[in-house]
Amino acid sequence: MECSLKFAPCNVNHNYCVYCPECVIPPFFSTREKVFRLKPVLDEHVTVIKDLAKSIEVDFWRPESPELLTIDIDVDIRVSAIYLDMLYTILVLIEDLQTAVEAQADSGPTPRTHSYTKYNSWDKIQSWIASVSSSNPNLISRQVIGNTYEGRPMNVLKLGKKSSSTKPAIFLDCGIHAREWISTAFCQWFVKEALSTYGSDSQMTSLLDQMDVFVLPVFNIDGYDYTHKSNRMWRKTRSRRSGSSCIGADPNRNFDAGWCSLGASSNPCSDTFCGYTPESEIESIMKAYITIHSYSQLLLFPYSYTYELAADHSELLKVAEGASAALRSLYGTRYTSGPGAATIYPAAGGSDDWAYDLGVKYSYTFELRDTGRYGFLLPESQIKPTCEETMLAVKYIAAYVQKNLY
Ligand code: 0X9
Ligand code: ZN
Ligand code: ZN
């Protein structure tokens, strides 16, 4: 049915609806929050959404800020339900965010110890890092590479068979964005799998024999801790600066790669604030890699700071498609692959582009499950299947790199 001449048609399931008053159903007066998906298909829709963001408080889940809005990309936003009547949109992804936050943890008591199928607090991850790194000295070691703004040590785990010569390496990091909890869960899963399948899985054995994998389990520790204790939807770091009451910068806009040009904000209060100077965030000191984010089911590679194709575009695409196919083979989860700017949105200052421009040819950003049903609030019951399928893709890339060392 047609909702309005000006707006996209509304189907029965409200899947393609942009403005459709009859879809905005009670309860209007809930004081809780809702997440909406908007499907702008005309420039006017984009304007409407941007105006909306100016007049009420809107938390952009995807894309990350109103500056990144364009037609034909899905927009997921979180707003207080008191603004419902101002919303020109329809599909209610999560009926009631508060319920979704609660539903995310499986029922039953929270274990006191670390669990690979739970979203662990930073304290639990920290003790896990200590115990896992002393569990198998032949395969794993740890190194402190710095401290976060709030003074937490950043540990990198080095996985690989000890060798007298320097081995080629892969860098894997998780948790650049605080609220993307499935990402953080994946790095822990990867370490577990590496340690437990070395010696039995031929691919893992050969990988760790020939290469080292450096794993940074939580990049943005301060932010991650904050999402557990204060604000589940926090994205940025927690750095402060006198003169601004707004806290943090987006670590994935802070790398020195087209810094603060496209798709990044110079407003300290924005969720995509690029920082006062490139690499002002102390967290941005590591080199090289695969970086894990959520959500959208994408496998991205450079560039995001320009629409120009990377010199290695066709090879990067071929490997990404192979990795996506490997991922899909387990549970049928579909990923889209392509260069960041064209596939998700242009956004400068990301770690993948930065690593690539430093000469790291195979530089990939994963956006894990899902496509928006739960978004950042992916239920714990999906940790295991998500990590299992993602392992296949990461191992595919690692095996390719191993065979094509440059
Ligand atoms: O916007 C981002 O930083 C990433 N998406 S997220 O929803 N996890 O925030 C995408 C990063 C793609 N790469 C670059 N922009 N360089
Ligand atoms: Zn409708
Ligand atoms: Zn992210």
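Order of appearance sets the numbers: ligands from 1, and atoms from 1 within every ligand.
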* Who's closest to atom 15 (N) of ligand 1 heavy-atom-wise, of Gly263, Ala347, Ala348, Ala355? -> Ala347

* Residue selection (non-hydrogen contact nearest atom 9 (O) of ligand 1) among Arg253, Arg235, Glu367 -> Arg235

* Taking the six-membered ring for Trp, are Phe219 and Phe255 parallel (under 30°), tilted (30 to 60°) or perpendicular (over 60°)? -> tilted

* **Identity and distance of the protein heavy atom lying nearest atom 11 (C) of ligand 1** => Asn252 ND2, 3.4 Å

* Asked: Using 30° and 60° as the class limits, which term best fits the ring planes of His114 and Trp128: parallel, tilted or perpendicular?
  -> parallel

* Asked: Which protein heavy atom lies closest to atom 7 (O) of ligand 1, and at what distance to 0.1 Å?
  -> Glu64 OE2, 2.7 Å

* Asked: Can the positive tip of Arg238 be found less than 6.0 Å from the middle of the six-membered ring of Tyr149, inside 45° of the ring normal?
  -> no

* Asked: In the protein, what heavy atom is nearest to atom 14 (C) of ligand 1, and what distance, to one decimal place, separates them?
  -> Ser304 OG, 3.1 Å

* To do: Apply side-chain contact (heavy atoms from CB on, under 4.5 Å) to Leu298 and list each qualifying residue two or more places apart in sequence or on a separate chain.
  => Ser296, Leu300, Thr336, Thr343, Ile344, Glu367

* Asked: Counting only protein N/O/S, how many atoms fall short of 2.8 Å from the Zn ion (ligand 3)?
  -> 4

* May I ask you to check if Arg232 and Trp181 form a cation-pi contact, with NZ or CZ under 6.0 angstrom from the six-membered ring centre and within 45° of the axis? => yes

* To do: Compute the ring centroids of Tyr362 and Tyr356, then answer whether they are less than 6.0 Å apart.
  => no

* Asked: Does Ser296 come within less than 4.0 angstrom of ligand 1, counting non-hydrogen atoms of the residue?
  -> no

* Asked: Under a heavy-atom criterion of less than 4.0 Å, does His177 contact ligand 1?
  -> yes

* Which residue, Trp234, Tyr295, Phe60, forms the ring pair (Phe, Tyr, Trp, His ring centres under 6.0 Å) with Phe376? -> Tyr295

* Whether Phe186 and Phe190 hold their rings parallel, tilted or perpendicular, with breakpoints at 30° and 60° -> tilted

* Consider ligand 1: state whether an atom of it lies below 4.0 angstrom from any non-hydrogen atom of Gly340. => no

* Taking atom 13 (N) of ligand 1 as the reference point, the nearest protein heavy atom with its distance -> Asp352 OD2, 2.9 Å

